[in-house]
Amino acid sequence: MNKLASSLLTQEQFWTIIQNSDMCQNLEEELGKLSIDEILGYIHWWDYYHKLSYKQDLWAVAYTVMGGCSDDGFDYFRFWLITRGKEIFTNALQDADSLCDVFTDSEYPEWEEVSYIPIEVLQNKFDIDFYEYEAEGKVIYDEMPLPKIDFEWDEDDEDTIKKICPKTFDKWWNNDKF
C-alpha cells in the first residue's frame, strides 16, 4: 500500500523529536522509539525543512562564519540549522542574522552525518533499505524542488555580504575559530 510520507508524522511531532533528541545528539535513540511509518514521515519533514532553508541570506551567514561555503557545505550547514530546533530555525528563516549569537567557538556549524541517522535506524532496527523501499513505491514523497536563489551578495565583495548579515559579519568575518 502506498503511503504519502507527509501524512505519516506531523510537523509538530518532527520538531518534538528534534527537541527530545537534545539537538540530535541522541537522535538515533529517539528515532528508535518510532514505527517505520513515523521514521518515513520524519525523513519527509527533514527534507522539507532542508529545502525550505535554501536561501541566499542563510548562505551568506554560513559563508561568513565558516570563511567560505560550498554547495555541499551549505547542505551540511542547513542540516546543522535544523538540529538547533524549531525556534532557532524559524527565526533564521525570517532573519538569517539572528543566528549571529547562536554560533559558538566550539561547534563548527555543519553536520553531514545527522542526515543519515534515520536511514540507518530503518536499516538496523527494521532491516529496511530506505532507497529500495522508496523505489518500490511503498512510500511516496512529495518532491519539493529547491527554490531558485537570486544572490544579493558576491563572495568577492565583502560589502555585499555585510549588507545581508551585518551582525554576523561584524562578529564572525575573518574569525580564527574555525
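Nearest heavy atoms, Ile36 versus Ile128: CD1-CD1, 3.3 Å.
Phe126 and Val139 fall within a single hydrophobic cluster, where Ile, Leu, Val, Met, Phe, Trp and Tyr side chains are chained together by heavy-atom contacts under 4.5 Å.
Put simply, the side chain of Leu34 reaches to within 4.5 Å of the side chain of Leu31, judged on heavy atoms. Under the 4.5 Å side-chain criterion, counting only non-hydrogen atoms from C-beta, Lys55 is not in contact with Pro147. Contact of the Tyr76 side chain with the Arg78 side chain is not registered, since no non-hydrogen atoms from C-beta on lie closer than 4.5 Å. In this structure, Leu122 and Tyr133 have side chains that are not in contact, with every pair of non-hydrogen atoms separated by 4.5 Å or more. Proximity of Leu8 to Tyr42: side-chain heavy atoms (C-beta onward) are nowhere separated by under 4.5 Å.
In this structure, Trp59 has its ring center closer than 6.0 angstrom to the ring center of Phe151. Taking the six-membered ring wherever Trp is involved, the centroid distance between the rings of Tyr48 and Phe14 does not fall below 6.0 Å. Ring to ring, Trp80 and Phe103 are close: their centroids are under 6.0 angstrom apart. Close placement of the Phe130 and Tyr141 rings is indicated, their centers lying within 6.0 Å of each other. Within the 6.0 Å centre-distance limit, the rings of Trp15 and Tyr49 are counted as a close aromatic pair.
Applying the 6.0 Å contact sphere to CD of Gln13 captures more than 12 heavy atoms from other residues, nucleotides or ligands. Counting heavy-atom neighbours within 6.0 Å of Gln19 CD, excluding the residue itself, gives a total of 12 or less. Atom NZ of Lys163 has 12 or fewer neighbouring heavy atoms from other residues, nucleotides or ligands inside a 6.0 Å radius. Atom CD of Glu87 is surrounded by 12 or fewer heavy atoms from other residues, nucleotides or ligands within 6.0 Å.
At a threshold of 4.0 Å, the pair Glu38-Lys33 does not count as salt-bridged, since none of the basic side-chain nitrogens sits closer than that to a carboxylate oxygen. Arg84 has a carboxylate O that lies under 4.0 Å from a charged side-chain N of Glu107, or vice versa, which qualifies the two as a salt bridge. Contact check on Lys162 versus Asp159 returns no salt bridge, with no Lys/Arg side-chain nitrogen under 4.0 Å from an Asp/Glu carboxylate oxygen.
Judged by distance alone, the side chain of Asn175 and the main-chain N or O of Trp172 form a donor-acceptor pair under 3.5 Å. The backbone N or O of Val121 sits nowhere less than 3.5 Å from a side-chain atom of Glu28 that would complete a donor-acceptor pair. For the pair Trp45 (side chain) and Leu9 (backbone), a donor-acceptor distance under 3.5 Å is present. Remark: the backbone N or O of Glu112 is paired with a side-chain donor or acceptor of Ser115 at under 3.5 angstrom. Looking at Asp129, its side chain does come within 3.5 Å of a backbone N or O of Glu132 through a donor-acceptor pair. Of the possible polar contacts, none joining the Ser21 side chain to the Asn26 backbone as a donor-acceptor pair under 3.5 Å is found.
The residue from Thr168, Thr64, Asn91 that alone fulfils the side chain to side chain donor-acceptor pair (under 3.5 Å) condition with Asp97 is Thr168. Of the residues Phe77, Phe74, Phe79, the one that meets the ring pair (Phe, Tyr, Trp, His ring centres under 6.0 Å) test with His50 is Phe79. Here the options are Ile82, Leu81, Leu93, Thr83, the test is side chain to side chain contact (heavy atoms under 4.5 Å, CB included), and the partner is Ile88; only Leu81 passes.
We find the OG-CG distance between Ser6 and Asp47 to be 12.0 Å, quoted to the nearest 0.5 Å. In this structure, Cys24 SG and Ile18 CD1 are separated by 3.5 Å, a value rounded to the nearest 0.5 Å. For the atom pair CG (Asp22) and CG (Leu27), the distance works out to 11.0 Å, reported to the nearest 0.5 Å.
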Item to complete: Would you check, one step at a time, whether the test side-chain contact (heavy atoms from CB on, under 4.5 Å) holds for Trp46 with Val114?
Response: CA-CA 10 Å; Trp46 179 269; Val114 72; 3.7 Å; yes
Discussion item. Checking Lys86 against Glu12 for the salt bridge (charged side-chain N to carboxylate O under 4.0 Å, His left out) test, could you report, in this order, the C-alpha distance in whole Å, the side-chain angles of both residues, the deciding distance, and whether it holds?
Written reply: CA-CA 9 Å; Lys86 182 179 181 179; Glu12 282 308 312; 2.4 Å; yes
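Hydrophobic cluster membership for Met23: none, as no Ile, Leu, Val, Met, Phe, Trp or Tyr side chain comes under 4.5 Å of it.
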